[in-house]
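Counting begins at 1 with the first residue of the sequence. Treat the numbers as computed from the prediction; the structure is a model and nothing was measured.
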Amino acid sequence: MIILKYSLYLLLTVVVSLGIYLYANIAYDKPVAELSDRWAPEPSQFLKLAGMNIHFRDEGPKSDQEPIVLIHGTSASLHTWDGWVEVLKDQRRVIRFDLPAFGLTGPDPQNNYTIEHYAEVVIAVLDKLAVKKSVLAGNSLGGYIAWATAVFHPDRVSKLILVDASGYPYDPESVPLAFKLSQNPIASRLLKNVLPKSLVEKSVKNVYGNPDLVTDELVERYYELSLREGNRSALKARFEQTLPGALADEISTINVPTLLIWGNKDKLIPLKFGKKFAQEIPNSQLIIFDDLGHVPHEENPQTTVSAVIHFLKNN
């Protein structure tokens, strides 16, 4: 009897504690208008496309006939490329945008997050901006989208820059907690209107080689943009639909000069996959950054963009 009472008391304590925790971390969706003042100042613009308002930035000399197009990864936004753009825009036209399901662009009205659709969105954006051919660069999911676009539309891509790119079936050493919870049906329902900032912080630190470089401002950006209306539910659909491996047999058909940048401390898509890309893409080179993680362009933009500039000058 005493054991039963103790067990009930313990259960009640856990339930009450959980309720208090969830209540303390309530975070409702925010409309784009509320977020735009902070996260879409000039030179941000919005492009109406396929029922969406795509948040994008187009910087550098418009005379550049082959702009660099930067494609971010899962749960990121165009802001992840800030460091690279500051350097590149002095000499090159640089275009970046928030993918459907992320940033200020938000969910696709057709709930379509297949790799084929993402590639079509890239081409549609470039068509709207009258760009016939470009250098495609992408990180993680963005890398997958970049090389898939090169497979589907080889005439539209002059070079590829793949930064810790996905696309192969992979076995992560460590997955950000937010990603795990978004794929769990119970947790995703429970967290529909709840988002602890500490969860976002842990998830961002998980993809950095040096977690000490993750600032409060960086966490705030990831946190606020995840609250954009529809992004949390779209994330679950993204994981269900954009499956790695579907186009893996096509990787060897890529025939444009390709730079592979990889962080040796990437626990999500380990270095062995960077080496696999290097083996299968004929005209490719792999540069490894020993101290960086899954987002080396964000963690150390100055060092990584130097490799990009050298690649562009010599290819």
Side-chain angles (χ1 to χ4, degrees), residues 30-108 118 121-143 145-146 149 156-159 161 163 215 217-229 231 295 297-302 304-306 308-309 312:
K30 292 186 176 183
V32 175
E34 185 177 333
L35 295 167
S36 293
D37 284 348
R38 182 172 185 183
W39 302 112
E42 291 186 355
S44 281
Q45 302 176 66
F46 286 87
L47 183 69
K48 289 192 175 182
L49 182 73
M52 295 176 283
N53 274 336
I54 303 239
H55 174 219
F56 78 101
R57 292 182 182 176
D58 185 352
E59 299 168 83
K62 298 300 185 289
S63 58
D64 187 348
Q65 295 300 303
E66 289 189 359
I68 301 168
V69 179
L70 304 173
I71 310 173
H72 67 78
T74 299
S75 293
S77 64
L78 60 76
H79 308 85
T80 190
W81 301 106
D82 282 351
W84 276 22
V85 175
E86 281 304 308
V87 175
L88 294 171
K89 69 180 182 180
D90 288 340
Q91 300 293 327
R92 299 295 299 266
R93 181 182 180 187
V94 186
I95 298 167
R96 48 185 166 145
F97 60 95
D98 289 344
L99 291 167
F102 306 113
L104 295 177
T105 295
D108 182 285
Y118 270 126
V121 168
V122 172
I123 295 300
V125 169
L126 296 182
D127 284 346
K128 283 280 189 179
L129 298 178
V131 174
K132 294 181 179 179
K133 205 162 192 173
S134 66
V135 178
L136 285 189
N139 167 241
S140 194
L141 168 65
I145 294 168
T149 303
R156 303 295 295 272
V157 181
S158 61
K159 300 178 186 68
I161 301 168
V163 184
T215 64
E217 183 180 1
L218 184 67
V219 173
E220 185 72 11
R221 187 186 82 209
Y222 276 94
Y223 174 76
E224 286 212 349
L225 291 176
S226 68
L227 297 180
R228 193 268 191 216
E229 285 179 313
N231 276 357
V295 288
H297 62 291
E298 182 177 284
E299 189 172 357
N300 190 336
Q302 293 79 17
T304 51
V305 79
S306 294
V308 171
I309 292 170
L312 294 174

For this session: Start with the C-alpha gap between Asn139 and Thr80, add the side-chain angles, then the distance that decides, and say whether side-chain contact (heavy atoms from CB on, under 4.5 Å) holds.
Result: CA-CA 10 Å; Asn139 167 241; Thr80 190; 5.6 Å; no

[Y] backbone acceptor or donor facing [X] side chain under 3.5 Å:
| X | Y | value |
| --- | --- | --- |
| Arg228 | Leu104 | yes |
| Glu66 | Asp64 | no |
| Arg38 | Arg221 | no |
| Asn53 | Phe46 | no |
| Arg96 | Leu70 | no |
| Asp108 | Ala101 | no |
| Tyr118 | Pro100 | yes |

Exercise. Yes or no on side-chain contact (heavy atoms from CB on, under 4.5 Å) for Phe56 and Val125, after CA distance, side-chain angles and deciding distance?
Worked result: CA-CA 9 Å; Phe56 78 101; Val125 169; 5.7 Å; no

For this session: Applying salt bridge (charged side-chain N to carboxylate O under 4.0 Å, His left out) between Glu59 and each of Lys89, Arg93, Arg92, report the one that passes.
Result: Lys89

[X] versus [Y]: any side-chain heavy-atom pair under 4.5 Å?
| X | Y | answer |
| --- | --- | --- |
| Leu141 | Ile71 | no |
| Leu227 | Asn231 | no |
| Leu49 | Phe97 | no |
| Pro301 | Asp82 | no |
| Asp98 | Ser77 | yes |
| Ser134 | Leu126 | yes |
| Glu224 | Leu35 | yes |
| Leu99 | Thr105 | no |

Exercise. Are the aromatic rings of Trp81 and His72 close, with centres under 6.0 Å apart?
Worked result: no

Exercise. Going through the checks in order, is the side-chain contact (heavy atoms from CB on, under 4.5 Å) test met by Glu298 and Leu218?
Worked result: CA-CA 10 Å; Glu298 182 177 284; Leu218 184 67; 3.6 Å; yes

For this session: Quick one: do Val32 and Glu34 satisfy side-chain contact (heavy atoms from CB on, under 4.5 Å)? Show the steps, please.
Result: CA-CA 5 Å; Val32 175; Glu34 185 177 333; over 6 Å; no

Closest non-hydrogen atom pair between [X] and [Y], with its separation:
| X | Y | value |
| --- | --- | --- |
| Thr304 | Asn300 | OG1-O, 2.8 Å |
| Ala146 | Leu136 | O-CD1, 3.6 Å |
| Ser44 | Arg57 | OG-NE, 2.7 Å |

For this session: Would you please classify the geometry between the His55 ring and the His79 ring as parallel, tilted or perpendicular, with 30° and 60° separating the classes?
Result: tilted

For this session: Look at atom CD of Glu220 and say whether more than 12 heavy atoms of other residues, nucleotides or ligands are closer to it than 6.0 Å.
Result: yes

Exercise. For atom NZ of Lys132, is the number of surrounding heavy atoms from other residues, nucleotides or ligands below 6.0 Å larger than 12?
Worked result: no

For this session: With rounding to the nearest 0.5 Å, note down the distance linking CG in Leu88 to CD1 in Ile68.
Result: 4.5 Å

